Amino acid sequence: MKAHPLTMLFLMTGILLPVIFSCSDLKQKTPAMPRTRIFTNDYLNPQRNPQTEESLKEKINEAGLFMHWDYLKKYLKSEVLIETKIEDESAIPVGKSRIGGLPDLPGNVEWFTDDTGKPLSFIAQFNMSDLQPYDKSGMLPASGILYFFYTSMQEAWGDDIHDRDMFRVYYYDGPEKDLDRRAPPSGMDAAFIYDACGLTFKASVCLPYLEKYYLMQKMTKEELKRYSEAVRNEMYAQSIKLLGYADGLEEMEVRCELIAQGKSAYHIPEGDDPAELAKQADGWTLLFQADSDERESGMMWGDGGRLYFWIKTEDLENKRFDRCWMILQSA
């Protein structure tokens with residue numbers, strides 16, 4: 001059996017890639033059907049709990065890994081957890097952070113479409129002033145609004161350069177008085193307009209869930225198993241967030257870098273240096289993770305999966321949000 005190209009990359013660079021791959025490897029080309037609410041509140045996963053440095057240290061100590069804490073805490077990342085609550089959209093002020101509903105766009109910006117002219121679904125908008133008290137990393141802009149759109153029929157999984165027009169991240173840093181709540185384009189199916197949700201933000205920190213190469217350098221196989229058991233439980237809770245580590249089935253940074261270089265997400269060209277590619281991939285950071293949320297917004301990505309919007313750290317620092325990349329993973 002031939003090894004997956006990314007598996008070979010991680011073996012060559014000393015990085016362990018989990019044997020679970022995203023379903024984009026096996027996806028069919030048939031577009032997803034319009035959303036239908038099929039779950040009850042009892043079925044859905046609980047909300048992700050915010051964590052602190054002290055609570056994570058306690059988990060690591062309980063796992064018998066206290067000798068590694070000073071090393072692990074170097075890899076702590078700040079994140080902003082998001083809780084959603086369906087609301088009457090008319091009661092949400094224009095320009096306020098929101099998931100679902102209709103976007104509040106500046107007058108000179110049209111509703112975003114794919115390359116065929118089909119309207120993208122509006123996913124979220126985040127007013128940076130709402131986030132400032134919770135972004136302990138200081139990585140997000142101090143002002144402005146970030147908008148996220150994604151293809152209504154979920155044709156794009158982020159494994160092909162042609163997926164570029166199937167999503168959009170837009171940044172506006174102008175007067176909020178110039179915003180207006182945009183009506184959906186004519187003919188857009190109401191099934192692709194998600195329910196408006198007000199948001200609650202919580203500051204949190206996280207450690208990587210996957211067995212990163214820098215963890216393998218310090219821990220034995222038995223220690224890695226205990227580490228995984230200590231930190232992975234939160235990964236399976238509902239997790240909508242900005243920044244931090246992606247709660248994913250596999251590492252996505254290498255895929256983002258390959259696509260950015262105009263290459264196949266699953267093929268490393270002959271002559272390329274895998275170690276250099278891995279180093280370049282370290283420059284990608286999670287910007288926004290949109291979990292399936294049938295309880296409130298009605299969003300369902302694949303079969304209970306997540307959308308991940310990625311950006312290079314230098315592009316985030318320079319507010320070049322047009323260079324983001326999106327990946328859909330579904331178990």
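Computed from a predicted structure; not experimentally measured.
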Between Glu87 and Arg98, does the salt bridge (Lys or Arg N to Asp or Glu O under 4.0 Å) criterion hold? Intermediate values first, please.
CA-CA 10 Å; Glu87 290 188 11; Arg98 181 169 70 260; over 6 Å; no
Salt bridge (Lys or Arg N to Asp or Glu O under 4.0 Å) assessment of Lys96 paired with Glu89
CA-CA 11 Å; Lys96 191 73 173 174; Glu89 187 165 16; over 6 Å; no
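Rounding to the nearest 0.5 Å gives a distance of 7.5 Å between CG of Leu105 and CD of Gln125. To the nearest 0.5 Å, atoms CD (Gln132) and OG (Ser143) are separated by 8.5 Å.
By the neighbour-count criterion of 12 heavy atoms within 6.0 Å, atom NZ of Lys263 is densely surrounded, having more than that number from other residues, nucleotides or ligands.
Closest approach of Phe321 to Ile311, counting heavy atoms only: CD2-CD1, 3.7 Å. Heavy atoms only, all atoms of each residue included: Tyr227 and Ile60 are closest at CD1-CD1, 3.9 Å. Of all heavy-atom pairs spanning Gly158 and Ile327, the tightest one is O-CG1, 3.9 Å.
In this structure Phe112 satisfies the ring-ring contact (aromatic ring centres under 6.0 Å, His included) test together with Phe149, Tyr170, sequence neighbours excluded. Annotation: salt bridge (charged side-chain N to carboxylate O under 4.0 Å, His left out) contacts of Lys77 (sequence neighbours excluded): none. Partners of Asp291 according to the salt bridge (charged side-chain N to carboxylate O under 4.0 Å, His left out) rule, which considers only residues two or more places apart in sequence or in another chain, are Arg306. By the side-chain hydrogen bond (donor to acceptor under 3.5 Å, both in side chains) test, Asp282 pairs with Tyr213, sequence neighbours left out. The side-chain hydrogen bond (donor to acceptor under 3.5 Å, both in side chains) check on Thr313 picks up nothing, with sequence neighbours excluded. With sequence neighbours excluded, no residue satisfies side-chain hydrogen bond (donor to acceptor under 3.5 Å, both in side chains) with Thr200. Residues forming a salt bridge (charged side-chain N to carboxylate O under 4.0 Å, His left out) with Asp315 (at least two apart in sequence, or on another chain): Arg320, Arg323. Residues forming a ring-ring contact (aromatic ring centres under 6.0 Å, His included) with Phe167 (at least two apart in sequence, or on another chain): Trp325. The side-chain hydrogen bond (donor to acceptor under 3.5 Å, both in side chains) test applied to Glu176 returns Asn127, not counting sequence neighbours. Remark: Lys319 engages no residue in a salt bridge (charged side-chain N to carboxylate O under 4.0 Å, His left out) (not counting sequence neighbours).
Sorted by first and then second residue, the ring-ring contact (aromatic ring centres under 6.0 Å, His included) pairs involving residues 73-105 (not counting sequence neighbours) are Tyr71-Tyr75, Tyr75-Tyr214. Within the structure, side chain to side chain donor-acceptor pair (under 3.5 Å) pairs that include any residue of residues 61-70 comprise His68-Glu223 (at least two apart or interchain).
Under the 4.5 Å side-chain heavy-atom criterion for ILVMFWY residues, a single connected hydrophobic cluster contains both Ile161 and Trp157. Put simply, Met326 and Met166 are part of two different groups of oily side chains (I, L, V, M, F, W, Y) that touch within less than 4.5 Å, one to the next.
Ring-plane geometry between Phe288 and Phe148 is classed as tilted, the angle between the planes lying from 30 to 60 degrees on a 0 to 90 degree scale.
Looking at Ser330 and Asp303, their side chains never bring a donor and an acceptor atom within 3.5 Å of each other. Counting only N and O atoms by type, the side chains of Gln289 and Ser239 include a donor and acceptor under 3.5 Å apart. No hydrogens or angles considered: nothing links the side chains of Ser297 and Thr84 as a donor-acceptor pair under 3.5 Å. For the 3.5 Å distance criterion, the side chains of Ser55 and Gln51 fail to qualify, holding no donor opposite an acceptor. Judged purely by distance below 3.5 Å, without hydrogens or angles, the side chains of Trp284 and Glu257 pair a donor atom with an acceptor atom. For the residue pair Asp114 and Thr151, no side-chain donor N or O sits within less than 3.5 Å of a side-chain acceptor on the partner.
Looking at heavy atoms from C-beta onward, Arg182 lies out of side-chain contact with Leu102 at the 4.5 angstrom threshold.
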